Amino acid sequence: MSEGPAGVRPYRPEDHRALVAILEAVLAAGELGGQTAQEIRHLLDLLPADPASTLVALDGEAPVGFVTPHQQLLAVHPAHRRRGHGTRLVEAGLAFSRERGEAVLSLAPPQGSEGAIPFLTRLGFAYDSSLWLLRLPRDVEVPPPVFPREVIARLYRPDDLPGYVALVNAAFVDHPSPLQVTESIVRFVHERPDFDPDDILLVAAAVEPDRPIGFCRTKPITKEAPASGEVSLVGVLPAWRGRGLGRELLCWGVERLRGHGAAAVELSVEARNERALRLYERTGFERVEEWPRWSKPV
């Protein structure tokens, strides 16, 4: 990465504790509506998978804020605001996105922060889209998955890694918020002690069983009562859409999470992804929280 603004550098593993403290302070200030301390720590635990994608603002040698462009998150410790750290982080985020050939830098203003939107407006950001948090009521029945005969469904295996990464990238290349991952990032996640390969279901054409064409990834959120879980990703290759595979993958995700005691099942969806939003709402998911995102061309 090229030289960034003074006082901003890429993330280092030793920054972890300071970044946790920053987000906990923001959470305590009531500025991260819909987020829990556990979810915040999980997000930060994944930063070492791609350290260059997080940029840290310093006061002297101490981290006081950071931006993760691909997570649309910018945070500055409340005790260190109005000193230009946020502006420098935006400049660094724009440079990061520009170097990767991305069209815009998108940020989600922390809910509950009165100054977030005026700050973004002053720097040239405008409202772009929203991410919806959906929740499936406990009493809504969802049928078990029934896949068509032309495909087979099986659980993820370690040797699926290259094909799985290619599948994720191809399935989301035309998504309103494109998702791109690398083998090193996915391997880092899969080597964590909380990863369970049975949380991923792969679907492949029966005639090519080793080339997956769709998948569902689930993730427990809490294990203590009342347990909850998330259908974190559902993806199908463009050529295989329109055959009901997304619906059956979703049903599998719900069945797996409920089978492990999840009283609440959640998922997030881009508001512009109308096809997916209709599928989720037809299944019984309800909108419970909106996270607006603001963007600026890079």
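Fair warning: this is a prediction, and the values are worked out from it, not measured in the lab. Sequential numbering from 1 along the given sequence is applied to the chain's residues.
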**Student:** Using modelled atom types only, decide if a donor and an acceptor are shared between the side chain of Lys296 and the backbone of Leu123 within a distance under 3.5 Å.
**Tutor:**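 Answer holds: yes.
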
**Student:** If I compare all heavy atoms of Pro109 with all of Leu120, which pair ends up nearest, and what's the gap?
**Tutor:**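 Result for this residue pair: CG-CD1, 3.6 Å.
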
**Student:** Find the distance between OH (Tyr156) and CG (Leu161) and round it off to the nearest 0.5 Å.
**Tutor:**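 CG of Leu161 is found 4.5 Å from OH of Tyr156.
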
**Student:** Is there a path from Leu201 to Ile152 through hydrophobic residues (I, L, V, M, F, W, Y) whose side chains come within less than 4.5 Å of each other?
**Tutor:**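 Hydrophobic grouping puts Leu201 apart from Ile152.
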
**Student:** Is it possible for you to say whether Phe188 and Leu179 belong to one hydrophobic cluster, with membership spreading through side-chain heavy-atom contacts below 4.5 Å?
**Tutor:**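 In one cluster with Phe188: Leu179, no.
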
**Student:** Does a side-chain N-to-carboxylate-O contact under 4.0 Å join Asp196 and Lys219?
**Tutor:**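 Salt bridge absent between Asp196 and Lys219.
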
**Student:** Looking at Ala25 and Pro78, what are the two nearest heavy atoms and their distance?
**Tutor:**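 That would be CB-CD, 3.8 Å.
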
**Student:** Under 6.0 Å from the ring centre and within 45 degrees of the ring axis: does the NZ or CZ of Arg287 meet both conditions for the six-membered ring of Phe285?
**Tutor:**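 Not flagged: Arg287 not positioned over aromatic ring of Phe285.
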
**Student:** Run through Thr283, Val269, Val265 and flag the one making a side chain to side chain contact (heavy atoms under 4.5 Å, CB included) with Leu134.
**Tutor:**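 One option only clears the test, and that one is Val269.
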
**Student:** Considering non-hydrogen atoms only, spot the tightest contact between Asp15 and Pro10 and give its length.
**Tutor:**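 Where Asp15 meets Pro10 most closely, the heavy atoms are OD2-O, 4.3 Å.
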
**Student:** Mind checking whether His77 and His80 have parallel, tilted or perpendicular rings, split at 30° and 60°?
**Tutor:**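 Taking His80 first and then His77, their aromatic rings stand perpendicular (interplane angle over 60°).
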
**Student:** Assess, by modelled atom type and distance only, whether the side chains of Glu255 and His260 contain a donor and an acceptor separated by less than 3.5 Å.
**Tutor:**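 No, no side-chain donor-acceptor pair sits under 3.5 Å.
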
**Student:** Would you say that Pro292 contacts Tyr127 through its side chain, given a criterion of any heavy-atom pair below 4.5 Å between the two side chains?
**Tutor:**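 SC-SC contact between Pro292 and Tyr127 confirmed.
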
**Student:** Check this for me: Glu14, atom CD, are more than 12 non-hydrogen atoms of other residues, nucleotides or ligands nearer than 6.0 Å?
**Tutor:**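 Yes, CD of Glu14 has more than 12 neighbouring heavy atoms, counting only those of other groups under 6.0 Å.
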
**Student:** Using a distance-only test with no angle check, is there a side-chain donor-acceptor pair under 3.5 angstrom linking Glu290 and Ser130?
**Tutor:**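 Side-chain D/A pair, Glu290 to Ser130: present.
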
**Student:** Please assess Phe66 against His85 for the test ring pair (Phe, Tyr, Trp, His ring centres under 6.0 Å), listing each intermediate value before the final yes or no.
**Tutor:** CA-CA 9 Å; Phe66 67 97; His85 297 303; over 10 Å; no

**Student:** Do you know which two heavy atoms are closest between Asp210 and Arg154, and how far apart they sit?
**Tutor:**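 The pair with the smallest heavy-atom distance is OD1-NH2, 4.5 Å.
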
**Student:** Let me confirm one number: the CG-OG distance from Leu107 to Ser295, rounded to the nearest 0.5 Å.
**Tutor:**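 So the gap between those two atoms works out to 8.0 Å.
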
**Student:** Please report the shortest heavy-atom distance between Ser97 and Leu105, naming the atom on each side.
**Tutor:**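 Nearest heavy atoms, Ser97 then Leu105: OG-CD1, 3.8 Å.
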
**Student:** For Gly65 and Ile22, which heavy atoms make the closest approach, and how far apart are they?
**Tutor:**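 Nearest heavy atoms, Gly65 then Ile22: N-CD1, 3.4 Å.
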
**Student:** Quick one: does any side-chain atom of Thr218 pair with a main-chain N or O of Asp199 as donor and acceptor, under 3.5 Å?
**Tutor:**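 A pair under 3.5 Å: yes.
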
**Student:** With a 4.5 Å limit on heavy-atom distance, are the side chains of Pro48 and Tyr11 in contact?
**Tutor:**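 Sidechains of Tyr11 and Pro48: in contact.
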
**Student:** When rounded to the nearest 0.5 angstrom, what is the spacing between CG in Asn169 and NE2 in His175?
**Tutor:**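 It comes to 13.5 Å.
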
**Student:** Using 4.0 Å as the upper bound for N to carboxylate O, is an ion pair formed by Arg81 and Glu31?
**Tutor:**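 Judged by the 4.0 Å cut-off on N to carboxylate O distance, Glu31 and Arg81 do form a salt bridge.
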
**Student:** Just by distance, do the side chain of Thr54 and the backbone of Pro51 share a donor-acceptor pair under 3.5 Å?
**Tutor:**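 No, Thr54 side chain to Pro51 backbone: no donor-acceptor pair under 3.5 Å.
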
**Student:** Would you say Arg282 and Arg247 make side-chain contact, with heavy atoms under 4.5 Å?
**Tutor:**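 They are not in contact (no side-chain heavy atoms under 4.5 Å apart), so the answer is no.
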
**Student:** Honestly curious: do Phe215 and Val173 fall in one hydrophobic cluster under the side-chain, below-4.5 Å linking rule?
**Tutor:**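 Phe215 does not cluster with Val173.
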
**Student:** Membership question, hydrophobic clusters at under 4.5 Å side-chain separation (ILVMFWY): are Leu46 and Val168 in the same one?
**Tutor:**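 Different clusters: Val168 never reaches Leu46 through Ile, Leu, Val, Met, Phe, Trp or Tyr contacts under 4.5 Å.
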
**Student:** When clusters are formed by joining ILVMFWY residues with side-chain heavy atoms under 4.5 Å apart, either directly or through shared neighbours, do Ile213 and Val165 land in the same one?
**Tutor:**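 Looking at the clustering, Val165 is in the same group as Ile213.
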
**Student:** Please tell me if the side chains of Gln72 and Trp291 come closer than 4.5 Å, counting only heavy atoms from C-beta onward.
**Tutor:**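 Counting from C-beta outward, Gln72 and Trp291 never come under 4.5 Å.
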
**Student:** Just checking Glu274: does its CD atom have more than 12 heavy atoms from other residues, nucleotides or ligands closer to it than 6.0 angstrom?
**Tutor:**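 No, the 6.0 Å shell around CD holds no more than 12 heavy atoms from other groups.
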
**Student:** Before accepting this row, confirm whether a basic side-chain N of the pair Arg135/Glu286 lies closer than 4.0 Å to the acidic partner's carboxylate O.
**Tutor:**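 Glu286 and Arg135: not salt-bridged.
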
**Student:** I'd like to know whether Leu202 forms a side chain to side chain contact (heavy atoms under 4.5 Å, CB included) with Leu155, so could you lay out the CA-CA distance, the side-chain angles of the two residues, the decisive distance to 0.1 Å, and finally the verdict.
**Tutor:** CA-CA 6 Å; Leu202 298 178; Leu155 296 175; over 6 Å; no

**Student:** Measuring only between side-chain heavy atoms, which start at C-beta, is Val67 closer than 4.5 Å to Leu73?
**Tutor:**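 Val67 does not reach Leu73 side chain to side chain.
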
**Student:** One pair to check against side chain to side chain contact (heavy atoms under 4.5 Å, CB included): Val90 and Phe119. What are the steps and the verdict?
**Tutor:** CA-CA 10 Å; Val90 167; Phe119 167 76; 4.0 Å; yes

**Student:** Rounded at 0.5 Å granularity, tell me how far CD in Gln180 sits from OG1 in Thr182.
**Tutor:**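 Going from CD on Gln180 over to OG1 on Thr182, the span is 10.0 Å.
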
**Student:** Is any side-chain heavy atom of Val181 less than 4.5 Å from a side-chain heavy atom of Phe172?
**Tutor:**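 A side-chain contact under 4.5 Å is absent here.
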
**Student:** Got more than 12 heavy atoms from elsewhere within 6.0 Å of CZ, Arg272?
**Tutor:**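 For Arg272, atom CZ is crowded (more than 12 foreign heavy atoms under 6.0 Å).
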
**Student:** Walk me through it: do Trp294 and Thr121 pass the test side chain to side chain contact (heavy atoms under 4.5 Å, CB included)?
**Tutor:** CA-CA 9 Å; Trp294 290 55; Thr121 302; 3.5 Å; yes

**Student:** When rounded to the nearest 0.5 angstrom, what distance separates CZ in Phe147 from CD in Glu248?
**Tutor:**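 Rounded to the nearest 0.5 Å, the CZ-CD separation comes to 6.0 Å.
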
**Student:** Is any side-chain heavy atom of Leu250 closer than 4.5 Å to a side-chain heavy atom of Leu279?
**Tutor:**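 In short, these two side chains touch, coming nearer than 4.5 Å.
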
**Student:** Test salt bridge (charged side-chain N to carboxylate O under 4.0 Å, His left out) on Arg83 and Asp59 and set out the steps.
**Tutor:** CA-CA 10 Å; Arg83 303 180 191 180; Asp59 187 351; 3.5 Å; yes

**Student:** Do the side chains of Val142 and Arg258 get nearer than 4.5 Å, heavy atoms only?
**Tutor:**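 Arg258 reaches Val142 side chain to side chain.
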
**Student:** Got a second to check how far Leu233's CG is from Leu249's CG, nearest 0.5 Å?
**Tutor:**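 The CG atom of Leu233 sits 11.5 Å away from the CG atom of Leu249.
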
**Student:** May I ask you to say whether Arg241 pairs ionically with Asp174, meaning some side-chain N is under 4.0 Å from a carboxylate O?
**Tutor:**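 Judged by the 4.0 Å cut-off on N to carboxylate O distance, Arg241 and Asp174 do form a salt bridge.
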
**Student:** Under the side chain to side chain contact (heavy atoms under 4.5 Å, CB included) rule, what do Val151 and Trp240 come out as? Steps first, then yes or no, please.
**Tutor:** CA-CA 10 Å; Val151 304; Trp240 283 85; 3.9 Å; yes

